[in-house]
Amino acid sequence: MTKFIDLRSDTVTRPTKEMREVMFSAIVGDDVYGEDPTVNALEEKAAQLFGMEAGLFCPSGTMTNQIAIKVHTQPGDEVICDKLSHIYNYEGGGIAFNSGASIRLLDGQRGIFTAEQVIANINGDDIHFPQTALVEIENTVNKGGGCYYTTDQIAEINKVCKQYNLPLHMDGARLFNALVETNQTTKEIGSYFDTISICLSKGLGTPVGSVLVGTKAHIAKARRIRKVFGGAWRQAGYLAAAGIYALDNHVTRLKEDHQRARDLERTLNDLPYVTSILPVQTNIVIFTLPSSEITQKLLHYMKANEILASAFGKEQIRFVTHLDFDDEMLTKVSEVLHKATV
Ligand SMILES: *Cc1c(COP(=O)(O)O)cnc(C)c1O
């Protein structure tokens, strides 16, 4: 598979030589006993980065999100999130399965909703209604084509949450993509949230892992829930070492991925068979084709030319740029797309 240019997701990256070296030489211990120094260092580093008290290293972003939802809710409560959100669309109904909570979907712009929309969907104090217990925002929005919240938008939602005494969780699977693009600082963004989930295995390029950060009390509760979910692991320091390396070395380079995504957008703009493209903000390019047949045809054509992409709905295709997608590959993708006769 290695000869393929893989634009399906930023999760497909392999650890770099330098990353493998730090993984290989990591000092490890049994993390269930709290004795893995590298896991402890990663959790502390991630927490400090966002001005939070504590962190919890987990195998996936789905797990960190699901743990956060469980931390903040009781069965029968309601979670406010956008209709495009990962926690609603792509976590297997986990909100109901794990937390017994219901969902209130907002209709945002490419997954970005406003403080007014939150206010309009908080349930009043009436025994008929589920109790609103949590607000969740996703940043960047995967299904929205990698778009991000401005600091003002986040500050306003935070204000509403404070006013109504609601915790605010961020699914920051691609938060660093937003930060490098907006020049927001990690501490500034951290100050608006009760808990944040960050993925190390997306743009940051590690093989496995996500970190949940928050207060000491929230993370202590999260640690118990992770155990129940079967996510308490042992010598995870080998993976944590990759995470520390990625936070130190793979954040600022995300801008290169964004540049290449904009280059792909420019290529698509020139193609007569592309109907529309969601304006690129970070590393995700979602474009629409005239029909599902043409979409399938283009995907097959690209695959025959050793390029992989994801179908996104019936008439859309998604490209995600990442650490293992370089300028040479970019040129090849552009050439292949120009030659397509769909
Ligand atoms: C990838 C992703 C996650 C977590 O996915 P895992 O595969 O479970 O690590 C969460 N939220 C968003 C928006 C994502 O894109």
Side-chain angles (χ1 to χ4, degrees), residues 6-13 15 42 46 55-70 79 81-95 97-99 103 105-106 108 110-113 134-149 154 168-179 181 189 193 195-213 222 225-226 229-231 233 236 239-240 242-243 246 254 257-258 261 278 281-286 309-310 312-313 316 318-323:
D6 198 340
L7 290 168
R8 287 174 303 168
S9 175
D10 44 6
T11 53
V12 300
T13 56
L42 170 66
L56 183 69
F57 185 38
C58 293
S60 73
T62 299
M63 191 184 280
T64 43
N65 279 334
Q66 290 299 319
I67 288 173
I69 292 162
K70 186 102 184 123
V79 177
C81 63
D82 191 87
K83 70 180 195 300
L84 298 187
S85 64
H86 194 277
I87 60 166
Y88 171 65
N89 288 289
Y90 299 123
E91 299 189 6
I95 297 180
F97 191 92
N98 297 313
S99 297
I103 311 172
L105 295 178
L106 305 186
R110 296 176 64 180
I112 308 274
F113 57 77
L134 174 66
V135 177
E136 186 262 4
I137 80 170
E138 184 173 315
N139 196 26
T140 69
V141 186
N142 174 12
K143 219 171 156 61
C147 50
Y148 51 75
Y149 280 81
I154 289 173
L168 181 58
H169 171 70
M170 181 192 278
D171 175 355
R174 296 190 181 82
L175 175 55
F176 287 101
N177 294 87
L179 298 183
E181 208 50 44
I189 291 303
F193 292 88
T195 47
I196 297 178
S197 157
I198 56 162
C199 285
L200 303 166
S201 63
K202 295 251 162 97
L204 297 187
T206 76
V208 174
S210 289
V211 185
L212 182 70
V213 295
I225 296 164
R226 185 186 65 170
F229 284 1
W233 41 7
L239 298 169
L254 290 170
D257 298 342
H258 301 175
L278 282 180
Q281 292 196 350
T282 53
N283 70 328
I284 299 178
V285 189
I286 295 178
S310 299
F312 225 59
Q316 289 189 315
R318 185 187 75 167
F319 291 152
V320 188
T321 58
H322 51 73
L323 193 58

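Below, all heavy atoms of this structure are taken into account, side chains as well, without hydrogens, waters or symmetry copies. Numbering of ligands and ligand atoms starts at 1, following listing order.
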Exercise check, heavy-atom protein proximity under 4.0 Å to atom 7 (O) of ligand 1: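 Flag for atom 7 (O) of ligand 1 set to false, no protein heavy atom closer than 4.0 Å.
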Report the part of [X] (side chain from C-beta onward, or backbone N, CA, C, O) that has a heavy atom under 4.0 Å from ligand 1; answer both or neither where that applies.
X	result
N65	side chain
A173	side chain
T62	both

Electrostatic pair R174:D10 at N-O distance under 4.0 angstrom: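 Salt bridge flag = yes for D10 with R174.
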For atom 13 (C) of ligand 1, the option (of K143, E138, R174) bearing the nearest heavy atom: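 Among K143, E138, R174, the closest heavy atom to atom 13 (C) of ligand 1 comes from E138.
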F57 to A236 - nearest heavy-atom pair and separation: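 F57 and A236 have their closest heavy atoms at CE2-O, 3.8 Å.
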Tell me which protein heavy atom sits closest to [atom], plus the residue, atom name and distance to 0.1 Å.
atom	value
atom 14 (C) of ligand 1	K202 NZ, 2.8 Å
atom 11 (N) of ligand 1	D171 OD2, 2.6 Å
atom 9 (O) of ligand 1	G61 N, 2.8 Å

Numbering as shown, the atoms of ligand 1 that approach S60 to under 4.0 Å (heavy-atom distance):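 Here the atoms of ligand 1 in question are 8 (O), 9 (O).
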Distance-only donor-acceptor check, side chains [X] and [Y], under 3.5 Å:
X	Y	value
N65	H169	yes
N283	H322	no
Q66	E91	yes

4.5 Å side-chain heavy-atom contact, C58 and T64: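 Heavy-atom side-chain distance check passes, below 4.5 Å.
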M63 side chain near S197 side chain, heavy-atom distance below 4.5 Å: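 They are not in side-chain contact.
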